[in-house]
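Structure, as C-alpha cells:
Whatever order the structure lists them in is the order used to number ligands and atoms, beginning at 1. For reference, positions follow the sequence shown, starting with 1.
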Amino acid sequence: MCGIVGYVGERRAAPVILDGLRRLEYRGYDSAGLAVLTGGELRVVRRIGHVAALAAAVPPDLDGTTGIGHTRWATHGGVTEANAHPHLDATNRIALAHNGIIENHSVLRARLEEEGVTFRSETDTEVLVHLVRKFYDGDPEAAVRRALELVQGTFGIAVVFLDHPGLIIAARNGSPLVVGKGNGETFLASDPHALSAHTREVVYLEDRDIVKLDARGWTISRLDGGGVSRGVEVLSEEWAEEGRGDFSHHMLKEIHEQPESLARCLRGRVVPDQGTARLGGLDLSPRDIAGIRHITVLGCGTSFHAGLVGAAAMEGLARIPASAEIASEFRYRNPVIGPDDLFFAISQSGETADTLGAVKEVQVKGGKVLGVVNVVGSSIARTCGHGVYVHSGPEIAVASTKAFTSQVAALLVAALSFARTRVLGPHEGKAFGEELLAVPQRVGEWLSAEPASVMTAVELCTQGKYVFFLGRGVSHAVALEGALKLKEVAYVPCMAYPAAEMKHGPIALIDKNTPVVVVVPDDVMRDKTLSTIQEVRARGARMVVIHTAGDTAAAKLADVSIPVPRASTLISPLFSVLPLQLLAYRAGLALGRDIDRPRNLSKSVTVE
Ligand code: F6R
C-alpha cells in the first residue's frame, strides 16, 4: 500500500528518495511523487504509474538535500497526478505525504472551503496540508501537532517546509514509520526495507509519536505531550537483498526459496530427541500451556488460510479446541474472550490493519495474543510483544507463497510443543518432529522435478469460465489458498469449497469441461473426496487431482494428475500447496499478467 520515504542530509535527496520508493514498489501502488527543497522553492513532481515514470520526470537540477517521497495506492479519489502525493498548501511552501485514511476529511474539507481554501485534489490527505498551513506561525512542529489534533483516522505523515530547509516533521497513528541514522544524514520510511541500502540502524515510531528529523538525527515526542526515547533496532542482513537472481519473477524465486525458508523456520525449534519443539518467544510455561481452554488463530487472506491449518493442528494434535477467524470480522463482533483463551495473530507483513485491530481488541478484553509474523519489528510483532518469527526472509511478490508455508510450519511447531505438554507421548512427538524436519529437503526435491502435468493443468484452468478448488479438512485450506493465488495472479475467477459441500448447491455450476482442482492426500478423508470427484466427473467436469504419489486410484480419476510426496495429514499442506502456487504463477505468465504486482493489490494492507 502507500509508502513514504524522507531524506535529510548532504546528498541530493531525489536519488535517495527514488531508490527508497523503488524498494517499496513491491507493496503495490498506482502513482508516485516527491517534493524536494531546491533553489528557494519547494518543487513537487508526481506521476501516475511506476516509480520509473517519476524518475524519468525528475529534472536534473532538482538538487536539494531535503525531501520526501510517496507511493500512492488510491483510496479517496482516482489514480491521477493531482491525487498523487505529496500535496502542497495554497502558498506552495509546505508539502505533505500521507499513508492511512482521514476519516473525518469531509467535515474538515467543508470547514476549510468555508474559510476560502481551494482544494486541488479529491484526496482525504489534502485537508492535512491545509490544516498545517492554517496553524503555521513559524513553528513547523507546533503546526503539525495542532493540525493532527483535529484529525480522526490513521496516519503516517511526512511534512517539509520551505522556510525550514534541513527539517522533516513526521508523525504516526496506525500507519508505520521508521527513522534511520546515517553518517551526517537521516532517513524516514514507512517500511524499513526502503532504508536497507543506507542504514541498518532504525527506530520504529509508536502510535501518536511525532518526530523532528534533521541531518544530525531526530527528536521524538508524543502528540499528547512529553518527550520519549525509543531504542535503536538493527535490521537483519537478509532484508538487504532483493534481487531476482536467475528467476524471471520474484514469485517464482520465492516459490523456489521454500526449502531454505522452511529450514530457517524449523531450525533449532524442533527437538526430535525429546519428541518436542521449543519456541522461546511464546513466553508460555508448561503450566500455562496445560491451562489453555481455546485457541483462536486470526489473520487475513493467505495468512488466514495458514491459520486454518494451524487451528486444525492445535485441535488434532494438541487436542485443544481451536478455530481460525478472519481478523476483520473478529475485531468487530465483540468477541467473548475467556481468561484461559489464547490467540495467535498471523501476518507476513506484520502491518495488516485488520489483524492489528483484532490484536488490540483481544488485548482490550484482557486476552493473550501471540504474533506469528515474518517482518521483524513490525507493528503486529511489537504490539503482541511475544510470538514466533517465521523467518521466511523478504517476500517481495505481492502473492504470498513462502510466507504461507513458513506460517504453517511455525504453527505446526507450536502445535507439537503444546501437544507434547498435554497429550502426546515421546514416540509420536518424535515421529511428527522428524517428519517436519524432513520437509524442506523433500520440498526442494519436488520443486526441482516439477511434474510436467502442472503445465497441462494451466492449459485446462485458463480455458474455463471459472475454476473450482475442492478439498477437505486441511486440504480445504489448501484449496482456498490455491483459488486465491489463481485469482490474484492470473485474474481467473475461482471458488473453493469443502469437497462435500458441492452437492449442497455449487455442483449446479458444473457443466462439461468446467475445470475442478481437487486436493486429495491419502488420509482418512481420501475415499470420501474420491466419491466427490466421481460425482463431479459424472457432470462432465475436467479434473486436476493433486494426490499422494503412488495413489493410482486417485490418479485414475484425473484428467490431469499431479503427485506430491506422502505426508501425514497435518503436514500435507506443505506439499499440496506447491503445485497450486506454480499453477497460479504459470497461468499468470500464460495470460500475460503482471505477476509480481497484480492489479489493485497491495503487499501490505495498512488500511481497513
Ligand atoms: C495473498 C496475500 C494476502 C495476504 C493478506 C494478509 O497472496 O498475500 O491475502 O495474505 O493481505 O497479509 P499479511 O500476512 O501481511 O497480514
Stepwise, does the salt bridge (Lys or Arg N to Asp or Glu O under 4.0 Å) test hold for Arg331 with Glu361? CA-CA 6 Å; Arg331 63 183 292 200; Glu361 183 62 20; over 6 Å; no

So for ligand 1, is Gln407 a polar contact partner (N or O within less than 3.5 Å, distance only)? no

Check this for me - ligand 1, Ser303, N or O atoms closer than 3.5 angstrom, yes or no?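 Min N/O separation from ligand 1 is below 3.5 Å for Ser303.
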
Pair Lys485, Thr401: side-chain N/O donor-acceptor within cut-off below 3.5 Å: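 Short answer, no.
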
I want to know whether Phe155 and His98 have ring centres closer than 6.0 Å. no

Any chance the rings of His249 and Tyr585 have centres within less than 6.0 Å?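 For His249 and Tyr585, the ring centres are under 6.0 Å apart.
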
Using a 4.0 Å heavy-atom cut-off, which part of Val398 comes near ligand 1: side chain, backbone, both, or neither?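 Near ligand 1, Val398 shows its backbone, while the atoms from C-beta on stay back.
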
Tell me which part of Lys485 gets within contact of ligand 1: side chain, backbone, both or neither, using heavy atoms under 4.0 Å. side chain

Can you name the salt bridge (Lys or Arg N to Asp or Glu O under 4.0 Å) partners of Asp30, sequence neighbours left out?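 Salt bridge (Lys or Arg N to Asp or Glu O under 4.0 Å) list for Asp30, sorted by chain: empty.
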
What protein heavy atom sits nearest [atom], and how far away is it?
atom                    : answer
atom 12 (O) of ligand 1 : Thr352 OG1, 3.3 Å
atom 6 (C) of ligand 1  : Cys300 O, 3.3 Å
atom 15 (O) of ligand 1 : Ser349 OG, 2.6 Å
atom 3 (C) of ligand 1  : Thr302 N, 4.0 Å
atom 11 (O) of ligand 1 : Val605 CG2, 4.0 Å

Any non-hydrogen atom of His305 lying under 4.0 Å from ligand 1?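 No heavy atom of His305 comes that close to ligand 1.
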
Atom indices of ligand 1, in the order listed, that fall short of 4.0 Å to a heavy atom of [X]:
X      : result
Gln348 : 13 (P), 14 (O), 15 (O), 16 (O)
Glu488 : 1 (C), 2 (C), 7 (O)
Ser400 : 7 (O), 8 (O)
Ala399 : 7 (O)
Ser347 : 13 (P), 14 (O), 15 (O), 16 (O)

Show every ring-ring contact (aromatic ring centres under 6.0 Å, His included) that has at least one partner inside residues 356-375, sequence neighbours left out.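 Checked against ring-ring contact (aromatic ring centres under 6.0 Å, His included) - neighbours excluded - no pair reaches residues 356-375.
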
Given Val545, Val458, Thr456, the one that forms side chain to side chain contact (heavy atoms under 4.5 Å, CB included) with Val560: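 Single side chain to side chain contact (heavy atoms under 4.5 Å, CB included) partner of Val560 among Val545, Val458, Thr456: Thr456.
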
I'd like to know whether NZ of Lys465 has more than 12 heavy-atom contacts from other residues, nucleotides or ligands below 6.0 angstrom. no

Audit row: His70, Asn99, side-chain hydrogen bond (donor to acceptor under 3.5 Å, both in side chains) steps and yes/no: CA-CA 9 Å; His70 189 260; Asn99 290 353; 2.9 Å; yes

Look only at the side chain of Asn173 and the backbone of Gly156, and say whether a donor-acceptor pair between them is shorter than 3.5 Å.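 Pair absent, no side-chain N/O of Asn173 close to backbone of Gly156.
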
